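Okay, so here's the structure we're looking at.
Bear in mind that the values here come from a model prediction, so they are computed numbers and not experimental data. Values reported hereafter were calculated over all heavy atoms of this structure, with side chains retained and with hydrogens, waters and symmetry mates removed. Counting starts at 1 for both ligands and their atoms, in listed order.
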Amino acid sequence: MQHRIIVLGAGYAGAVAAGRLARRLRRADAAVTLVNAEPDFVERVRMHQLATGQDLKPRPFGEMFAGTGVELRIAKVTGVDVDRKTVAVAGANGAGELAYDTLVYALGSGWDAQGVPGVAEHAYEISGRPGALRLRERLARLGAGQTVVVVGGGLTGLEAAAEIAETRPNLDVALATRGDLGDRLSPKGRGHLRKVFGRLGITVHERATVTGVAADRVETAGGGVIPAAVTVWTTGFAVHPIAKETALEVTGTGQIVVDGTMRSVSHPDVYAVGDAAMATGPGNKPLRMSCASGGPTAWQAADAIAARLTGGKLPNVPIRYFNQCISLGREEGLIQYVTADDRAVRAVLTGRLAALYKELVCKGAAWSVANPTLGLPVRRRPVVRSGAAAGSAVREPA
Ligand SMILES: Cc1cc2nc3c(=O)[nH]c(=O)nc-3n(C[C@H](O)[C@H](O)[C@H](O)COP(=O)(O)OP(=O)(O)OC[C@H]3O[C@@H](n4cnc5c(N)ncnc54)[C@H](O)[C@@H]3O)c2cc1C
């Protein structure tokens, strides 16, 4: 009997975990099933590009996983029962249930309206493809001189404002942020950001806490009003509620609490990776929801699962940061170098070289989904059978 591994979600983290597991384990011993709502890989890091009319390269999973041994299941996950070890799915053929021996939870995240009045009704968002396509259609209908207000001064907000301003110089683009522009960057990084935003004609509203959104405006604390034909909400991501509805130990925001091998601290048969996981990095700080953390968490989980099944050595690779890569349109960029725990240092890379660097990072992230062992040849190892059924064969290495 094969050990049944089910990976939920084929984003940067889940797709990498599934592919890496299939390359590390022998097909006769382990069956790796990847469940995803969509039949193709969505490059979330390019959603601001999609929203501004750029067309992204199609990446069908059928091609990406051809010959890898990963079995694809296109279906929506509707629930997880960690006691019965089952996943409820709804697909083209109706509802069903999948049983697992090991589960990798990687359902990612979506936008976070944060309960601010009017946001859910009136704002646009770019956390995923449906939102980006909706904004794309709306932007295409905007006439010259109309105002687009991007709310949120994080990396997604900066990238969105710059992309919209560069693509549509006839629009009036503004960014509202609770703090100061680029306040998590180094002085050099902040300076560059201001220069590029100035060149692109982006109006910046600093120390502006948005308290409400209406069809034609954004309201800020203290009674301020910013006219907005379109409001784009980018104030952070929220994880899907499915994990919170299970018996898994989760944080208040619904992320699954995991140990250094990405294994759930409450349910040893469950691993969580990417945005869905609450994992800590250097300095015991929570990892940032990002593609930058998603890939390494997936490698860690896949290698730990393979090690526990085969009696191999557990991976112990610290997950650290190197830089924050920010696109500022297609011609400009900002690479802010950071400490291992993600604090800005003095060094930055700017200009066209930074734009090119960021483009290569995005391409590399998509490439690593199709090449989860980073192109290195891997010897598939046999599962060590210590129980009557393969389902109970998970063994801690000596
Ligand atoms: C515009 C934008 C720019 C960004 N730029 C950067 C950047 O420059 N650098 C960086 O590090 N990060 C960036 N990020 C963040 C990064 O995209 C996410 O942190 C990353 O995608 C998380 O990866 P993940 O695999 O955990 O989740 P996701 O990529 O969200 O993947 C989750 C997968 O699960 C599937 N799924 C969800 N729910 C269900 C369900 N119920 N049933 C079945 N399938 C389901 C989804 O379809 C998806 O395939 C950006 C995000 C956005 C929106």
Response to the item:
Checking heavy atoms under 4.0 Å, the part of Met289 that sits near ligand 1 is backbone
Worksheet item: Glu38 to ligand 1: N or O pair under 3.5 Å?
Response: no
Discussion item. Please work out, at 4.0 Å between heavy atoms, whether the side chain, the backbone, both, or neither of Ala106 comes within that distance of ligand 1.
Written reply: backbone
Worksheet, complete the sentence: Closest to atom 53 (C) of ligand 1 among protein heavy atoms sits Ile126 O, 3.3 Å
Discussion item. I'd like to know if Lys358 and Glu159 make a salt bridge, using a cut-off of under 4.0 Å between side-chain N and carboxylate O.
Written reply: yes
Practice prompt. Could you check atom 27 (O) of ligand 1 against the protein and tell me its nearest heavy-atom contact, residue, atom and distance included?
Written response: Gly108 CA, 3.2 Å
Discussion item. If the threshold is 4.0 Å, N to carboxylate O, is there a salt bridge linking Asp183 and Arg178?
Written reply: no
Worksheet entry | Residue-ligand contact Ala277/ligand 1, heavy atom below 4.0 Å | no
Worksheet item: Of all the non-hydrogen atoms in the protein, which one sits nearest to atom 21 (O) of ligand 1, and at what distance?
Response: Tyr12 CD1, 3.3 Å
Item to complete: Ignoring hydrogens and angles, state whether a donor on the side chain of His267 or Thr246 is under 3.5 Å from an acceptor on the partner side chain.
Response: no
Discussion item. Quick test: of every protein heavy atom, which one is nearest to atom 33 (C) of ligand 1, and how far off is it to 0.1 Å?
Written reply: Gly11 N, 3.5 Å
Item to complete: Examine the proximity of ligand 1 to Ala15 and report which part, side chain or backbone, both or neither, has a heavy atom under 4.0 Å away.
Response: neither
Practice prompt. Using a strict cut-off of 4.0 Å, indicate which atoms of ligand 1 neighbour a heavy atom of Thr156.
Written response: 1 (C), 2 (C)
Practice prompt. Number the atoms of ligand 1 from 1 as they appear, then name those within less than 4.0 Å of a heavy atom of Ser290, with their elements.
Written response: 10 (C), 11 (O), 12 (N), 19 (O)
Fill in: Met47 and its side-chain contact (heavy atoms from CB on, under 4.5 Å) partner, picked from Thr52, Ile126, Leu133
Ile126
Discussion item. Salt bridge or not between Asp269 and Lys85? Use side-chain N to carboxylate O under 4.0 Å.
Written reply: yes
Worksheet item: Do Glu43 and Lys57 sit within salt-bridge range, that is, some charged N less than 4.0 Å from a carboxylate O?
Response: no
Worksheet item: Do the side-chain N and O atoms of Thr211 and Glu219 include a donor-acceptor pair separated by under 3.5 angstrom?
Response: no
Worksheet, complete the sentence: Any heavy atom of Phe41 under 4.0 Å from ligand 1? The part involved is neither
Worksheet item: What protein heavy atom is closest to atom 36 (N) of ligand 1, reported as residue, atom name and distance in Å?
Response: Leu107 CD2, 3.9 Å
Worksheet item: Which ligand 1 atoms, with their elements, are less than 4.0 angstrom from a heavy-atom of Ala10?
Response: 33 (C), 34 (O), 49 (O)
Item to complete: Would you mind telling me if ligand 1 is within reach of the side chain of Glu159, the backbone, both or neither, using heavy atoms under 4.0 Å?
Response: side chain
Discussion item. Checking a contact table here: which protein heavy atom is nearest atom 46 (C) of ligand 1, and how many Å away?
Written reply: Asn36 OD1, 3.7 Å
Fill in: Atom pair CD1/CG of Ile202 and Leu175 - distance to nearest 0.5 Å
7.5 Å
Worksheet entry | Mode of Gln324 contact toward ligand 1 - side chain, backbone, both, neither (heavy atoms, under 4.0 Å) | neither
Worksheet entry | Atoms in ligand 1 flagged as close to His240, the criterion being non-hydrogen separation under 4.0 Å | 37 (C), 38 (N)
Fill in: ligand 1-proximal atoms of Cys325, by part, heavy-atom distance under 4.0 Å
backbone
Worksheet item: Identify the closest protein heavy atom to atom 8 (O) of ligand 1: which residue and atom is it, and at what distance?
Response: Lys358 NZ, 2.6 Å
Item to complete: Indicate, as side chain, backbone, both or neither, the part of Ser109 found under 4.0 angstrom from ligand 1 when only non-hydrogen atoms are considered.
Response: backbone
Item to complete: Could you list the atoms of ligand 1 found under 4.0 angstrom from a heavy atom of Ala37?
Response: 43 (C), 44 (N)
Worksheet item: Counting heavy atoms only, which of Asp275, Val80, Val77 comes nearest to atom 22 (C) of ligand 1?
Response: Asp275
Fill in: Lys285 atom NZ: more than 12 heavy-atom contacts under 6.0 Å
yes
Worksheet item: Is the CG atom of Asn170 crowded by more than 12 outside heavy atoms at less than 6.0 Å?
Response: yes
Discussion item. Just to verify, what does Arg141 make a salt bridge (Lys or Arg N to Asp or Glu O under 4.0 Å) with, not counting sequence neighbours?
Written reply: Glu137
Item to complete: Could you check if a side-chain atom of Pro382 sits within less than 4.5 angstrom of a side-chain atom of Arg26, using non-hydrogen atoms only?
Response: yes
Item to complete: Side-chain contact test, heavy atoms from C-beta onward, threshold under 4.5 Å: evaluate it for Tyr321 versus Arg288 and give yes or no.
Response: yes
Fill in: Residue, atom name and distance, where the atom is the protein heavy atom closest to atom 2 (C) of ligand 1
Arg44 O, 3.3 Å
Discussion item. Any carboxylate oxygen within less than 4.0 angstrom of a Lys/Arg side-chain nitrogen, looking at Arg194 and Glu206?
Written reply: yes
